[in-house]
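Remarks on the structure that follows.
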There are 2 protein chains.
Amino acid sequence: MSQNSCLVQKLSHYVPLNPRSRDNITRLERDERDYGKGTEIHREGQRNANLYVVKHGWLYSYTDMKDGRRQIVEIHHPGDIVGFSDIAFDTCTTVLRAAEDVRLCPFPKKDLDDVFRDAPQLAALLFALAVRNQVILIDFLQAIGRMSARERIAYLLLDLMARLRITNKSMKTVFRLPLNQTEISDVLGLTNVYVSRSFMALQKDGLIRRDNGTVEVLEEEKLVQLCDFVDRHSRVDTSWFPAG
Amino acid sequence: MSQNSCLVQKLSHYVPLNPRSRDNITRLERDERDYGKGTEIHREGQRNANLYVVKHGWLYSYTDMKDGRRQIVEIHHPGDIVGFSDIAFDTCTTVLRAAEDVRLCPFPKKDLDDVFRDAPQLAALLFALAVRNQVILIDFLQAIGRMSARERIAYLLLDLMARLRITNKSMKTVFRLPLNQTEISDVLGLTNVYVSRSFMALQKDGLIRRDNGTVEVLEEEKLVQLCDFVDRHSRVDTSWFPAG
DNA sequence: CGCTGCCTTGAGTTTAATCAATTATGGTGG
DNA sequence: CCACCATAATTGATTAAACTCAAGGCAGCG
């Protein structure tokens, strides 16, 4: 059961989990639910009783503005826990939407109190990951605040690759990108039109190739140079954790 | 001793602290150090052994790009804990700089393991606050990704006010803003020149007034309308916390 | 075969950046 | 107290990046 858990796989990437921690994770994944592409799993302002472990498929969280502008603030992949960022509030701060067909394991927020009481190691790891997410967000903030359109796209592609490589060690330079250009523009603070132009430009320069919803990074090093990319995903510091 | 701790004050704002939690906080604040305006307390890439509780003064964290562009990603006020966002890494991801003369309480990262082992309530609160910070960051991401210059400035002013009101209940609409326009531009992803123009515009429209490093918000409601502001600071959901 | 949704491309516009003076402002030492 | 200096803020003129609006093309699908 927990053998095929992406969450265990993702967390084990960082620190060997003790049995108590594994038990707690298994409890978090006891339910499963499927949602079709485009479904809103929860809306801004709704009471949020649940968090979700992602089993299959991509999702994203976004915020709307009155006049229709929108900003996607996080992309969620298999193995991620969705909803941390709302844990401090009693209503959701963002809308969660399935970018394609997905399978999730919902679990109540209240389950976390067991984790904090019984499994300090896992609590510390969740804390570290939540905080790591924040650093990733900070990197994005820098990208959106200070980079040109093509740099932002480079950044996004490298960030996605780094994340996908954690749970898929065999991945090289080709990956599926199940987001349309309007969605990408909402991630990067651009317009769909300009995303298209920038993509074409990167392609013309031979840095990437696209084919029907997949992207191939041809010149990873050049992309890294282009946007000063730093991989925050592959390692976290566990030295301060309470002993297992 | 802990009576005059801004950290206790800030945390107590959210949940009554039990004696064990208070003891742990007092330990975190046992050292004090002063730093002059402009000091770099730590640099990107440095080994980060410490976190800091802010006693007096404002600081900010920023990241540099090779070509000199810079993005300020967080502003720190008295009562804040600085360094959470680096806890997951063994080196700092941002530069921490004193915006004015400041007093800090450094404490080693390793002290957090006591908190996780002994004080689950405090651990949960720190977790909630770290995650709340993330939501604030998300709001900023939206501001920078999708708002015009004047909207961004409105957003920043309202955000600062909401934060300052937590530890200073008597604050109405006037506050000190110890950041120059170049720093503000680095917060908002603009240039110093455009910050100046946008400030002038807001002032001409009678929404704010400035005087020698202080800002007065004259039309708070209009500013809120202008940028769709939501206060994330005044409350956090503590319902899921382990019992005190 | 014709929709529909998505991507691409072109033309014109707008916002904010850049470059360059000029004007406060505050602090310092004579 | 005042002259001087450095720093910060304002303003103007020009440029560039990205947006908007609009049209056309392509692929997948019923």
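Per chain, numbering begins at 1; letters A, B, ... match sequence-line order. Please read these numbers as outputs of a predicted model, since none were measured by experiment.
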*Summarise protein proximity over nucleotides 13-20 of chain D in one line of letters, 5' to 3': B for base, S for sugar-phosphate only, - for none, counting protein heavy atoms closer than 4.0 Å.*
B---SBSB
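B:Asp205 is linked by a side chain to side chain contact (heavy atoms under 4.5 Å, CB included) to B:Arg150, B:Leu207, counting only residues two or more places apart in sequence or in another chain. Applying the ring-ring contact (aromatic ring centres under 6.0 Å, His included) rule to A:Tyr155 yields the partners A:Phe140, A:Phe229; only residues at least two apart in sequence or on another chain are considered.
Residues of residues 173-187 of chain A that place a heavy atom closer than 4.0 Å to DNA chain C, in numerical order, are A:Asn180, A:Gln181.
We find that B:Glu100 and B:Lys37 are not joined by a salt bridge, their nearest charged nitrogen and carboxylate oxygen being 4.0 Å or further apart. The residues A:Lys10 and A:Asp80 are annotated as salt-bridged, a charged nitrogen and a carboxylate oxygen being separated by less than 4.0 angstrom.
The side-chain hydrogen bond (donor to acceptor under 3.5 Å, both in side chains) test with B:Ser61 singles out one residue from B:Glu74, B:His76, B:Arg97, B:Glu44, and that residue is B:His76.
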Enumerate, atom names and distances included, each donor-acceptor pair closer than 3.5 Å involving a side-chain atom of residues 64-73 of chain B, sequence neighbours excluded.
residue	atom	partner	partner atom	Å
B:Lys66	NZ	A:Gln225	O	3.3
B:Lys66	NZ	A:Asp228	OD1	2.6
B:Asp67	OD1	B:Arg69	N	3.2
B:Asp67	OD1	B:Arg69	NE	3.2
B:Asp67	OD2	B:Arg69	NE	2.8
B:Asp67	OD2	B:Arg69	NH2	2.8
B:Arg69	NH1	A:Arg146	O	2.7
B:Arg69	NH1	A:Glu151	OE1	3.2
B:Arg69	NH2	A:Glu151	OE2	3.1
B:Arg70	NE	B:Asp186	OD2	2.6
B:Arg70	NH2	B:Asp186	OD2	3.2
B:Gln71	NE2	B:Asp186	O	3.1
B:Gln71	NE2	B:Val187	O	2.9

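Contact annotation: B:Ser196 side-chain N/O to D:dT10 OP1/OP2 distance is under 4.0 Å.
A donor-acceptor pair is defined here as one N or O able to donate and one able to accept, closer than 3.5 Å; no such pair exists between the side chain of B:Arg103 and the backbone of B:His56.
Over its length, the helix from C:dT8-D:dA23 to C:dG30-D:dC1 turns its helix axis by 40°, as judged from the five terminal pairs at each end, rounded to 10°.
For B:Asn168 and B:Ser170, the side-chain atoms include at least one donor-acceptor pair closer than 3.5 Å.
Taking the six-membered ring for Trp and the full ring otherwise, B:His77 and B:Trp58 have centroids separated by under 6.0 Å.
Using cut-offs of 30° and 60° on the angle between ring planes, the pair A:Tyr35 and A:Tyr52 is perpendicular.
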